[in-house]
Amino acid sequence: MCLLAGACASFSFHIQPAYADAKPSVESFFADPAISEVIISPRGEHVAVLMKKPDGPGQVLVVRETANPQGGTIVADAKGDLIYRIQWINEDRLVFSVHAQINDLYGGNEDVMAVDRDGQHITHLISGNYNHAQEMTRSHIKSKILTWDYGFFSTVHDGSDDVIVQKYQWKETDPYHPDTAHLFRLNTKTMELKDIPIGKSPERVRHWDLDGHDVPRLAYARNEGRCMVYYRSGTSETWDVLANDECHEATFQPEAFDGEDHLIIEKEYNGFSALFRYDLKTRKAEDQPFLSLQGFDYAGSIERDVTADKILGIHYEGDAASTVWFDPRFKEIQAKVNALLPQTVNHVTCGWDCAKSPFVLVTSSSDRQPAQFILYNVEKNTMIGLGGSHPDIKPAQMGLRDFYRYKARDGLSIPIYVTTPPGKPKQLLPAIVLVHGGPWVRGGQWEWDQEAQFLASRGYLVLQPDFRGSTGYGDKLYRAGWRQWGQ
């Protein structure tokens with residue numbers, strides 16, 4: 001792995017130690033993950049674990065105590081469908097989505113549910129069944145279940161049983177993209193739906209951002225090819241325009257509130273997107289970014305102590321994933337975790353009350369190791385393993401994955417990830433090029449890639465270029481693909 005973009009000037013393939021002759025099975029790569037996701041609770045006393053059913057296909061959602069994570073309570077059974085987007089509503093209740101394994105022209109089939117951590121008080125919040133919604137409308141059947149034109153938006157952080165949902169409206173000419181979205185507060189036990197005060201709302205708002213107190217403060221609208229960002233101070237009735245640009249040229253991208261009067265925004269810096277602090281009073285960004293990556297656009301997430309309304313650090317993707325911590329305590333926690341797990345990238349997250357949480361969640365992985373989920377006891381400096389996504393994969397049987405840049409015929413630098421067959425010396429090798437979809441996405445990361453590692457385990461050198469038009473590597477590479485796809 002090359003930590004700096006310019007450090008890898010040419011391809012050089014490493015010799016790995018010999019490993020068992022038996023190749024790992026196909027199923028070990030492509031079987032459904034044993035554990036798909038783990039979410040730590042607000043106070044860090046519980047974890048929600050999305051795992052494969054032990055007795056057959058399908059998924060179950062299990063809640064365990066962090067102090068004693070053996071066993072646990074099954075709170076949801078997908079029965080063949082997919083569970084995803086799990087979040088804690090408070091320490092005792094969760095919200096999650098279930099997606100049916102059928103297609104729907106109108107993007108439905110996403111049912112939203114809530115349940116207590118002991119499996120009680122399960123509530124169907126939103127129906128994803130478009131046809132069922134139409135039948136109820138025609139027959140005047142009254143139901144507290146919200147119809148398919150509602151969607152889950154976010155949790156709130158006041159300890160209540162409420163979440164925020166949004167109601168979409170579509171143009172008849174475009175059934176795929178909502179024209180407007182309105183926010184409501186929904187009690188997940190009583191199903192009481194309340195308006196959220198937003199003052200004199202801008203027109204055609206498609207998305208909202210909330211501040212640290214769950215108040216809508218930013219609104220994103222789109223009209224006739226122009227994208228607008230609106231802002232209001234506190235709970236003001238009026239909204240001011242922060243940006244109004246052609247959508248394909250829009251550069252003002254808020255990421256999060258940083259206290260009451262500042263934003264963290266993403267904007268261009270030396271040809272790459274970086275993070276800046278933005279003063280909402282003066283309407284100006286600082287001259288220098290506080291996070292920029294050599295040769296990469298910023299992509300990542302913000303780790304926040306919700307209770308203290310404080311940004312602790314930022315997780316980001318360079319050639320590999322990493323975290324910059326602003327909080328001294330979490331910088332120390334990261335150092336201790338890395339000392340215990342020196343061979344992996346260790347992604348540390350907490351709940352809402354991070355300063356008091358007895359545990360943090362660690363997702364540990366590398367190019368040769370699929371994700372392992374671990375609880376780290378902050379006071380005792382000890383770890384408890386929860387399991388991994390693909391437990392049958394043995395890192396010693398995986399190939400090394402490295403990041404390079406090569407020159408195309410016109411001199412443009414193209415990023416590429418290369419996975420080498422395990423145990424193979426420098427020599428001519430059969431190669432396969434994997435080309436990502438999108439096309440305007442970043443295709444490669446330094447991670448365990450099941451398709452690349454499967455091919456490498458069968459003796460192939462696997463090349464994954466982020467071709468011109470890919471995002472994540474600066475504006476020059478992105479624009480170089482315009483009007484010449486496939487050339």
Side-chain angles (χ1 to χ4, degrees), residues 5 177-181 201-211 216-233 239-302 304 311 314-319 324 412-415 436 438-443 445 466-485:
H177 301 96
D179 188 55
T180 58
S201 171
E203 294 183 354
R204 304 187 70 175
V205 173
R206 295 188 175 193
H207 184 70
W208 306 84
D209 273 351
L210 314 181
D211 64 12
R217 298 277 302 282
L218 291 173
Y220 302 83
R222 180 169 181 155
N223 190 17
E224 296 182 354
R226 297 196 68 84
C227 287
M228 288 75 74
V229 181
Y230 296 90
Y231 160 76
R232 67 169 178 169
S233 175
W239 293 77
D240 300 327
V241 177
L242 291 184
N244 184 345
D245 301 299
E246 292 287 340
C247 290
H248 70 279
E249 296 286 352
T251 58
F252 187 85
Q253 301 181 55
E255 289 288 324
F257 277 89
D258 186 10
E260 184 68 20
D261 298 317
H262 288 82
L263 290 175
I264 293 176
I265 68 169
E266 182 182 338
K267 73 170 192 171
E268 186 175 318
Y269 179 72
N270 292 336
F272 300 89
S273 68
L275 294 185
F276 291 76
R277 285 190 172 88
Y278 180 89
D279 191 318
L280 285 164
K281 290 182 177 179
T282 64
R283 306 291 168 86
K284 291 182 179 179
E286 295 179 352
D287 293 333
Q288 297 296 316
F290 70 89
L291 179 61
S292 63
L293 308 174
Q294 181 185 355
F296 297 89
D297 292 320
Y298 164 76
S301 61
I302 293 173
R304 178 190 292 274
I311 292 176
I314 297 179
H315 308 291
Y316 64 88
E317 285 278 350
D319 63 337
V324 55
L412 184 66
S413 178
I414 306 294
H436 69 72
W440 40 86
V441 298
R442 176 173 170 176
Q445 282 86 26
D466 274 310
F467 50 82
R468 63 192 70 217
S470 301
T471 58
Y473 302 93
D475 197 57
K476 182 178 179 181
L477 182 73
Y478 171 53
R479 290 177 179 267
W482 289 15
R483 296 191 176 183
Q484 54 174 352
W485 298 119

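Residues Pro254 and Leu263 are in side-chain contact: their nearest non-hydrogen atoms beyond the backbone lie under 4.5 Å apart.
Counting only N and O atoms by type, the side chains of Tyr298 and Glu317 include no donor and acceptor under 3.5 Å apart. Using a 3.5 Å distance cut-off with no hydrogens or angles, the side chains of Glu268 and Ser273 do not pair a donor with an acceptor. Between the side chains of Tyr220 and Asp209, a donor-acceptor pair is found at a separation under 3.5 Å.
Minimum heavy-atom separation, Glu286 to Phe276: O-CD2, 3.2 Å. Between Trp208 and Pro216, the closest heavy-atom pair is CE3-CB, 4.2 Å. Contact detail for Val241 and Tyr230: the closest heavy-atom pair is CG2-CE2, 3.4 Å.
The salt bridge (charged side-chain N to carboxylate O under 4.0 Å, His left out) search around Glu249 returns Arg479, not counting sequence neighbours.
A salt bridge links Asp211 with Arg217: the closest approach of a Lys/Arg side-chain nitrogen to an acidic carboxylate oxygen falls below 4.0 angstrom. Using a cutoff of 4.0 Å between basic side-chain nitrogens and carboxylate oxygens, Asp240 and Arg232 are not scored as salt-bridged.
Ring geometry for Phe252 against Tyr278 counts as perpendicular: the plane angle is over 60°, on a 0 to 90° scale with 30° as the lower cut. Ring geometry for His436 against Phe467 counts as parallel: the plane angle stays under 30°, on a 0 to 90° scale with 60° as the upper cut.
Here the side chain of Arg226 pairs a donor or acceptor atom with the backbone of Asn244 at under 3.5 angstrom.
A cation-pi arrangement is present between Arg277 and Phe290, with the terminal nitrogen or guanidinium carbon under 6.0 Å from the aromatic centre and inside a 45° cone about the axis.
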